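Structure first, then comments.
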Amino acid sequence: MLAIPISVSAGIAGFESPAAEYKDLDLMLDQILIERRSSTFIARASGVSMQGFGIFDQDILIIDRAAPKSAFDIIVAVLEGQLVVKAIDRKKGILISGHPEYRPINVSSSESFLEEGIVIRSVRLHREPPLLTRVLG
Amino acid sequence: MIGLIDGTSFYASTEQIFNPSLRSRPVLVLSNNDGVVVALSPLAKRLGFKKFEPIWLQQHLVEKHNAAVFSSNYALYGEMSRRLHDRLSEFSQDQYRYSIDESFLRFENGAISDWIAFGRFIRRTIWDELRVPTGVGFGETITLSKAANHAAKRLPGYRGVCHIHHGNRKEILSQMAVSDIWGIGNRLAARLKLFGVTSALDLASQDPDTLRRSFSINIAKTIKELNGIPEFYWDDIKPAKQQIFSTRSFGTRVRTLEALERSLVSHALTVTRKARQQQSLVAQVVMFASTAGMDRTVRTVKSTSVHFIRPTDCYKEIARAVLPKCIELYDPHLDYAKAGVGAVDLVSASNFQFDLFTGQPPAPGVSQVIDRINERFGPGHMTVGAALSTSVESWQMRRSMLSPSYLTSWRELPVVRCD
């Protein structure tokens with residue numbers, strides 16, 4: 001999300017690159033994936049409990065703490081000291097998983113529950129990009 | 001109206017954002033070489049941990065209270081700082097980013113009818129959107145906004161937000177020591193005590209012209225500011241230092257010239273970096289190296305200095321000048337325990353005139369790239385070759401308890417659990 005701005009000049013010295021004028025037309029994924037920079041963070045999903053909502057193990061999630069809430073959202077929350085991904089039904093006050101083995105959790109009276117932000121996008125990596133490969137050991 | 005918003009225990013609070021299990025534990029953040037506590041979470045403060053004291057003196061408390069101890073994570077704090085300032089800039093276009101976690105905002109006096117409610121709104125928004133706890137102070141002047149911010153956090157009943165106005169000004173200032181007022185250091189406070197001035201209200205009640213004659217123009221301005229008359233503007237509060245030092249004890253004794261050179265060049269680069277940050281040029285540096293007192297009967301201190309005819313802020317120039325002088329400090333029979341470099345003559349980069357005889361300064365490009373890379377990845381990531389060694393040196397920054405760079409490294413993203 002943050003790049004070191006070092007200007008690069010392409011082409012033969014003394015000749016302006018014909019592409020230079022068109023650099024504003026580049027498509028940067030940030031433009032559609034991120035709406036509010038200061039309140040947004042990126043995280044990695046771990047586990048299978050949200051597959052029913054299309055979030056798979058090792059997906060990239062984009063979470064916006066300032067996104068407007070709706071009656072039903074996919075959220076990241078703190079539950080018993082850990083960051084978890086769940087769907088929330090705000091009217092019923094329950095957290096729902098997308099997997100038959102996980103039962104809904106009632107949080108309307110839970111003190112160990114705190115909503116952190118709304119998952120506004122998820123990104124599936126059908127091939128692991130080298131930048132993301134975790135260093136083992 | 002001036003607002004001062006700052007992060008509460010900013011470094012420690014930032015560590016708690018992406019590791020929520022830390023939110024119920026005391027959190028301590030250590031200085032570069034993992035020695036001294038530089039930040040405490042509010043819980044750690046209440047449990048009796050002490051800031052600016054070595055961690056090893058507090059080890060028993062760490063174990064007793066299961067405290068979490070971290071090295072300073074510059075990439076993480078820097079990115080959260082940028083987000084804090086960016087978000088605050090949406091409240092007012094007239095913003096002054098004073099430090100890593102402090103921003104001044106200027107507002108039209110009549111823009112807001114209830115400043116306390118507005119302060120609570122800012123605080124709530126920053127917590128909701130960034131998970132950074134803040135303190136908010138409003139006052140008619142920069143000095144009063146700083147005092148209000150202090151009151152918001154330290155005086156009972158304000159719960160993080162305070163607005164100093166005509167109705168409550170005297171009452172609040174009477175509860176603050178004069179040394180709590182901006183620009184009044186401990187030495188000045190001790191001198192003021194001789195004049196019977198101990199509280200902030202005592203100072204506000206003084207005649208500015210009388211104190212101007214006995215002290216300085218700045219104290220006269222501070223008195224007026226405490227009475228709601230603006231005297232300071234953004235440019236007046238730039239904290240430019242007159243001298244900058246970088247010095248550190250070696251983890252293990254240094255015996256070789258090469259190790260001494262690396263240390264001194266590294267300190268010289270640190271000093272240069274700090275000078276660059278405040279837009280100063282270095283005109284003279286002193287270099288020193290000393291043995292420990294207990295090794296021998298006498299502690300040996302050796303020092304020398306380098307004078308720059310054309311003041312500079314170029315990393316390469318300063319390293320090139322410092323390196324050949326190191327041999328003057330070196331004695332093969334001594335075990336060095338400490339070394340350092342101080343820029344003792346600094347001039348303003350914007351005011352300095354280059355002339356025919358001093359020559360033009362080197363192109364700033366290389367030093368700028370070094371700064372940008374180190375801003376992002378932490379000090380020392382890119383440096384001048386003479387400051388580097390092939391083996392791990394004990395004097396270099398040890399960051400053994402570093403948290404992940406959650407916001408700036410793809411390999412260190414926070415993990416959210418789906419189970």
Side-chain angles (χ1 to χ4, degrees), chain A residues 1-7 36-53 55-67 74-86 97-99 101-102 112 114-117 119 122 129-135, chain B residues 14 16-25 66 68 75-76 78-91 103 124-132 365-366 368-378 381-382 404-419:
Chain A
M1 288 170 69
L2 189 71
I4 304 172
I6 297 174
S7 57
R36 284 162 286 264
R37 278 194 61 179
S38 47
S39 60
T40 300
F41 68 96
I42 303 172
R44 197 124 206 230
S46 167
V48 298
S49 74
M50 291 300 283
Q51 286 182 1
F53 292 105
I55 293 174
F56 290 80
D57 189 36
Q58 300 305 311
D59 278 1
I60 296 290
L61 305 181
I62 296 171
I63 300 115
D64 187 348
R65 296 184 194 271
I74 310 288
I75 63 166
V76 164
V78 177
L79 204 57
E80 284 151 13
Q82 288 195 314
L83 292 173
V84 299
V85 190
K86 297 281 175 193
S97 294
H99 195 284
E101 281 177 27
Y102 298 88
S112 66
L114 180 67
E115 188 171 333
E116 286 292 309
V119 178
S122 64
L131 263 177
L132 266 162
T133 311
R134 273 170 198 280
V135 183
Chain B
T14 298
Q16 294 172 318
I17 298 174
F18 297 103
N19 186 349
S21 69
L22 298 174
R23 293 181 193 173
S24 54
R25 289 171 65 190
N66 186 27
L76 180 62
E79 174 61 15
M80 280 316 294
S81 167
R82 195 186 60 73
R83 290 172 178 225
L84 174 66
H85 291 304
D86 282 358
R87 186 61 186 87
L88 288 172
S89 74
E90 292 177 37
F91 292 105
S103 244
R124 183 81 229 169
T125 303
I126 298 297
W127 172 255
D128 283 349
E129 298 188 6
L130 278 76
R131 278 292 183 273
V132 173
V366 174
Q368 280 171 7
V369 169
I370 291 176
D371 281 343
R372 280 186 182 158
I373 287 175
N374 290 338
E375 260 167 42
R376 166 132 192 233
F377 296 104
H381 217 90
M382 180 181 260
S405 295
Y406 299 107
L407 293 169
T408 52
S409 169
W410 284 111
R411 291 195 174 96
E412 297 174 44
L413 293 178
V415 173
V416 289
R417 302 182 61 142
C418 306
D419 53 19

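No experiment lies behind these values; they were computed from the predicted model shown. We name chains A, B, ... by the order of the sequence lines, and we start the count at 1 in each one.
- A/Leu83 is listed as a side-chain neighbour of B/Pro20, based on a closest heavy-atom distance under 4.5 Å.
- By the side chain to side chain donor-acceptor pair (under 3.5 Å) test, B/Arg87 is found to be paired with B/Glu90, B/Glu129, residues two or more places apart in sequence or in another chain being considered.
- Taking CD1 of B/Ile126 as the reference point, atom OG of A/Ser38 lies at 7.5 Å (rounded to 0.5 Å).
- Considering all non-hydrogen atoms of both residues, A/Glu116 and B/Arg131 come closest at OE2-NE, 3.1 Å.
- Nearest approach of B/Pro414 to A/Ile42, heavy atoms of both residues: CD-O, 3.3 Å.
- Although no hydrogens or angles enter the test, the distance criterion places no donor-acceptor pair under 3.5 Å between the side chain of A/Arg44 and the main chain of B/Trp410.
- Put simply, CZ on B/Arg411 and CG on A/Leu131 are 6.5 Å apart, with the number rounded to the nearest 0.5 Å.
- Residues A/Ser49 and B/Asp419 share a closest heavy-atom pair of OG-N, 3.3 Å.
- Taken to the nearest 0.5 Å, the CZ atom of B/Arg417 stands 10.5 Å off from the NZ atom of A/Lys86.
- Using a 4.5 Å cut-off between heavy atoms, A/Val78 contacts chain B through its side chain alone, with no backbone atom that close.
- Smallest separation of non-hydrogen atoms from A/Arg65 and B/Asp128: CB-O, 3.4 Å.
- Applying the ring-ring contact (aromatic ring centres under 6.0 Å, His included) test to B/Phe18 and every residue at least two apart in sequence or in another chain returns A/Phe41, B/Tyr406.
- Looking at A/Ile55, A/Leu61, A/Ile75, A/Val84 one by one, the single match for side chain to side chain contact (heavy atoms under 4.5 Å, CB included) with B/Val416 turns out to be A/Leu61.
- Annotation for A/Leu114 and B/Arg23: closest pair CD2-NH1, 3.5 Å, computed over non-hydrogen atoms.
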